[in-house]
Student: 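Mind having a look at this structure? Questions to follow.
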Number of protein chains: 2
Amino acid sequence: MSDNPHRPLTLRDVSAASGVSEMTVSRVLRNRGDVSEATRQKVLTAARDLGYVPNKIAGALASQRVNLVAVIIPSLSNMVFPEVLSGINDVFEDSPLQPVVGVTDYQPEKEERVLYEMLSWRPSGVIIAGLEHSEATRAMLAASGTPVVEIMDTDGKPVDSMVGISHRRAGAEMAKAIIKEGYEHIGFMGTKMPLDRRARKRFEGFTEALAKAGIEIEDRDFYSGGSALAKGREMTQAMLERSPDLDFLYYSNDLIGAGGLLWLIEQGVDIPGQIGLAGFNGVELLQGLPRQLATMDACRREVGEAAAKIILERTGEDSSGEARTITLTPTISFGDTLRRHRR
Amino acid sequence: MSDNPHRPLTLRDVSAASGVSEMTVSRVLRNRGDVSEATRQKVLTAARDLGYVPNKIAGALASQRVNLVAVIIPSLSNMVFPEVLSGINDVFEDSPLQPVVGVTDYQPEKEERVLYEMLSWRPSGVIIAGLEHSEATRAMLAASGTPVVEIMDTDGKPVDSMVGISHRRAGAEMAKAIIKEGYEHIGFMGTKMPLDRRARKRFEGFTEALAKAGIEIEDRDFYSGGSALAKGREMTQAMLERSPDLDFLYYSNDLIGAGGLLWLIEQGVDIPGQIGLAGFNGVELLQGLPRQLATMDACRREVGEAAAKIILERTGEDSSGEARTITLTPTISFGDTLRRHRR
DNA sequence: TTGAAAGCGCTAACAT
DNA sequence: ATGTTAGCGCTTTCAA
């Protein structure tokens with residue numbers, strides 16, 4: 001109750017227990033330099049017996065090397081980012097690097113705080129979602145002295161490297177496909193998230209491409225909160241009551257699209273004849289619906305992998321590679337809700 | 001190209017720029033001790049102008065205090081853990097603590113590695129999923145000298161604190177509800193994951209409760225990989241072809257249950273009259289299906305919140321509170337697939 | 001192959 | 001209210 005009952009073990013303890021200098025113990029534990037097999041075993045045994053866990057805080061301070069990579073994303077509840085993370089994880093799996101995740105809830109101020117907090121641990125790299133950041137955030141990224149990869153979007157100028165798709169172009173491609181299939185009366189549904197810049201870019205690309213074909217969106221609606229599937233249902237019903245002439249519904253994400261799809265099936269609507277549908281993201285989870293929703297893959301896993309690889313290559317011994325830009329190309333999957341031939 | 005072109009800033013730089021001692025700069029930046037408003041401003045201005053970001057590695061080493069909490073979970077791709085995380089995040093939101101997430105993919109050896117890695121950063125607390133760990137993992141947890149909360153399960157003996165539900169009991173409760181509603185010919189479908197101990201405990205609780213009523217599971221099947229919704233569909237079809245007399249299907253998770261539900265609806269099966277269905281998890285995402293699947297909430301968010309609160313209270317100035325056990329009680333939601341009255 | 005000394009950037013503890 | 005000194009636990013560098 002008086003003296004430290006549980007002082008954490010240090011190299012010194014292992015050194016004492018094994019009769020080997022701290023320095024040599026350190027070498028053994030890091031597999032650095034030449035150590036005789038005999039002392040090696042002595043040290044390893046002592047460390048194991050004591051249950052010694054090295055202190056990376058001290059190690060990092062002394063060596064000026066940190067194996068942490070900051071990963072900053074807007075959300076986890078959203079199917080998309082976990083998949084990016086899993087791509088990152090896979091690439092770092094057999095490297096010394098370790099991702100540390102921070103979540104911003106799509107709030108620029110929170111992004112700023114989270115980044116500051118993470119930079120204070122002097123990570124070896126930063127992977128951050130999006131290209132739009134506060135002035136201060138951009139300044140911190142630029143001054144961080146560590147490779148930065150902005151992901152998920154390539155419509156803009158990165159601080160350093162970037163990996164993603166063009167959401168403008170994704171929206172435009174979908175618009176072209178819809179037009180090509182002969183649909184003309186188009187409605188749009190999305191989330192009420194002014195801060196989701198990527199969704200907005202998609203929408204802009206979409207409307208611009210329609211405009212070029214002389215088509216305008218005839219109805220639109222935005223939701224926030226609640227279960228996406230249920231919202232998709234409700235919004236679809238409401239929109240079709242309001243605008244019964246629509247022949248195509250473009251949803252900003254697959255989940256609300258699926259809700260709409262389920263409702264339309266129940267109503268006995270002919271899909272994709274009477275009404276066509278498309279979502280966005282290529283959510284694998286939805287394979288197994290009565291019909292496959294048309295969608296466009298956001299290349300989430302590939303984005304994560306590519307970003308992690310960039311950090312890896314710019315962190316290696318040689319290091320200092322150039323800033324890179326990788327633009328992935330999403331492909332449309334037509335599913336059963338976007339017909340392939342004109343009527 | 002020769003001299004450090006980008007030496008990270010230190011307190012010393014801020015000290016020099018502001019003409020205030022390092023110690024006082026440190027005090028200002030941490031809001032500790034009395035500092036005159038005048039010097040305070042000088043320091044803050046200098047720090048901001050330089051773009052100084054404190055080095056927490058050095059800070060942590062010097063103060064022997066780390067505001068990191070290790071959170072170790074099996075998976076992110078699975079709807080359930082992100083929700084636990086978000087509960088944890090919320091509680092830590094306005095505290096100095098910061099969660100750091102590690103993923104084990106349900107592999108005990110990976111759990112061991114991840115824990116070791118995280119303990120080497122000397123976190124202020126550990127939140128780890130499950131009660132079953134390797135010998136070495138338990139030893140590390142016990143010796144960590146930091147509060148440990150094992151979450152999601154309370155069927156077993158914790159190293160320190162635990163928060164969760166009894167999966168045995170959850171399985172048993174569902175069995176009782178099914179029996180009470182008059183179903184007698186029961187099939188089970190789940191994931192082929194011997195390492196998901198919680199799913200297994202649910203299954204055991206389920207079969208034991210059935211056995212007490214003299215009922216045995218008449219068919220069972222397990223899947224791995226692929227889209228859960230699609231698998232639920234396929235397995236359900238296969239099982240009913242094999243065992244056409246079944247009148248109830250219990251699924252180990254909501255997603256495969258939803259797949260089964262969709263298929264049965266398409267087949268025009270009378271639900272819950274001819275066949276009843278239930279899943280597990282209370283996945284909010286599924287609100288919006290044509291029918292609401294009966295399920296049982298795993299209290300994911302609450303578990304995360306409670307665990308974070310335990311860490312918080314045991315980390316506070318007073319600290320050292322006792323180990324705690326919190327058993328949450330999941331409730332059945334009957335939805336539209338588990339009838340409320342006997343035929 | 002092994003060891004000794006110095007110091008990473010910060011904060012605790014003690015002056016003043 | 002501010003400054004000084006020592007040292008956190010490790011690694012780097014240099015010496016033996």
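A note on names: the letters A, B, ... follow the listed sequences, proteins ahead of strands, and every chain is numbered from 1. Small disclaimer: the values here were computed from a predicted structure and weren't measured.
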Student: Is the phosphate of D:dC10 approached by A:Arg65 (side-chain N or O, under 4.0 Å from OP1 or OP2)?
Tutor: no
Student: Between A:Arg30 and D:dT12, does any side-chain N or O lie under 4.0 Å from OP1 or OP2?
Tutor: yes
Student: For nucleotides 13-16 of chain C, which of its nitrogen or oxygen atoms have a protein nitrogen or oxygen under 3.5 Å away, and what is each distance?
Tutor:
none

Student: Below the 4.0 Å mark, does D:dC10 have OP1 or OP2 next to a side-chain nitrogen or oxygen of A:Tyr52?
Tutor: yes
Student: Quick one: closest heavy-atom pair of A:Ala70 and A:Pro123, and the distance?
Tutor: N-CB, 4.0 Å
Student: Please confirm whether the shortest side-chain N or O distance from B:Gln64 to OP1 or OP2 of C:dC10 is below 4.0 Å.
Tutor: no
Student: Looking at every heavy atom in both B:Pro8 and B:Asp13, which two are closest together, and how far apart are they?
Tutor: O-OD2, 4.2 Å
Student: What are the two closest heavy atoms between A:Phe92 and A:Pro99, and how far apart are they?
Tutor: CD1-CD, 3.9 Å
Student: In this structure, how many angstroms lie between the P atom of D:dT5 and the CD atom of B:Glu22, rounded?
Tutor: 13 Å
Student: Just N and O in the side chain of A:Thr39: are any of them under 4.0 Å from OP1 or OP2 of C:dT2?
Tutor: yes
Student: Select base, sugar-phosphate, or nothing to describe what B:Asn55 touches, counting heavy atoms under 4.0 Å on all strands.
Tutor: sugar-phosphate
Student: Just checking, any donor-acceptor pair under 3.5 angstrom between side chains of A:Gln41 and A:Glu37?
Tutor: yes
Student: CD of A:Glu83 to CG of B:Leu76: how many Å apart, nearest 0.5 Å?
Tutor: 11.5 Å
Student: Taking the side chain as every heavy atom from C-beta outward, state whether A:Pro194 and A:Tyr106 have any atom pair closer than 4.5 Å.
Tutor: no
Student: Assess the side chains of A:Ser36 and A:Arg40: does a donor N or O sit below 3.5 Å from an acceptor N or O?
Tutor: no
Student: Just N and O in the side chain of B:Ser36: are any of them under 4.0 Å from OP1 or OP2 of D:dT2?
Tutor: yes
Student: Taking only side-chain nitrogens and oxygens of A:Ser26, does any of them come within less than 4.0 Å of OP1 or OP2 of D:dT11?
Tutor: yes
Student: Do the side chains of B:Arg301 and B:Glu305 get close enough for a salt bridge, i.e. N-O under 4.0 angstrom?
Tutor: yes
Student: Is B:Ser21 near enough to D:dG3 that one of its side-chain N or O atoms lies under 4.0 angstrom from OP1 or OP2?
Tutor: yes
Student: For DNA chain D, whose closest nucleotide is more 5', that of B:Glu37 or that of B:Leu61?
Tutor: B:Glu37
Student: Answer with yes or no whether the side chains of B:Ser144 and B:Thr146 bring together a donor and an acceptor at under 3.5 Å.
Tutor: no
Student: Indicate whether the side chain of B:Ser134 and that of B:Arg138 have a donor and an acceptor atom separated by less than 3.5 Å.
Tutor: no
Student: Rounded to whole Å, please give me the gap between CG in B:Asn67 and C1' in C:dT11.
Tutor: 15 Å
Student: Please determine, for the side chain of A:Ala62, which listed nucleotide (C:dG3, C:dG7, D:dG3) has the closest atom?
Tutor: C:dG7
Student: How long is the span from the CD atom in B:Glu302 to the CD1 atom in B:Ile165, to the nearest 0.5 Å?
Tutor: 10.5 Å
Student: Could you check which residues of residues 9-19 of chain B get a heavy atom under 4.0 Å from DNA chain C? Sort them by number, please.
Tutor: B:Thr10, B:Leu11
Student: Using a 4.0 Å cut-off on heavy atoms, which residues in residues 41-51 of chain B reach DNA chain C? List them by number, or say none.
Tutor: none
Student: Tell me the interatomic distance from A:Ile57, atom CD1, to D:dC8, atom C1', rounded to whole angstroms.
Tutor: 10 Å
Student: If we ignore angles and hydrogens, is there a donor and acceptor under 3.5 Å between the side chains of A:His133 and A:Glu112?
Tutor: no
Student: What is the distance from CZ of B:Arg32 to P of D:dT2, rounded to the nearest Å?
Tutor: 18 Å
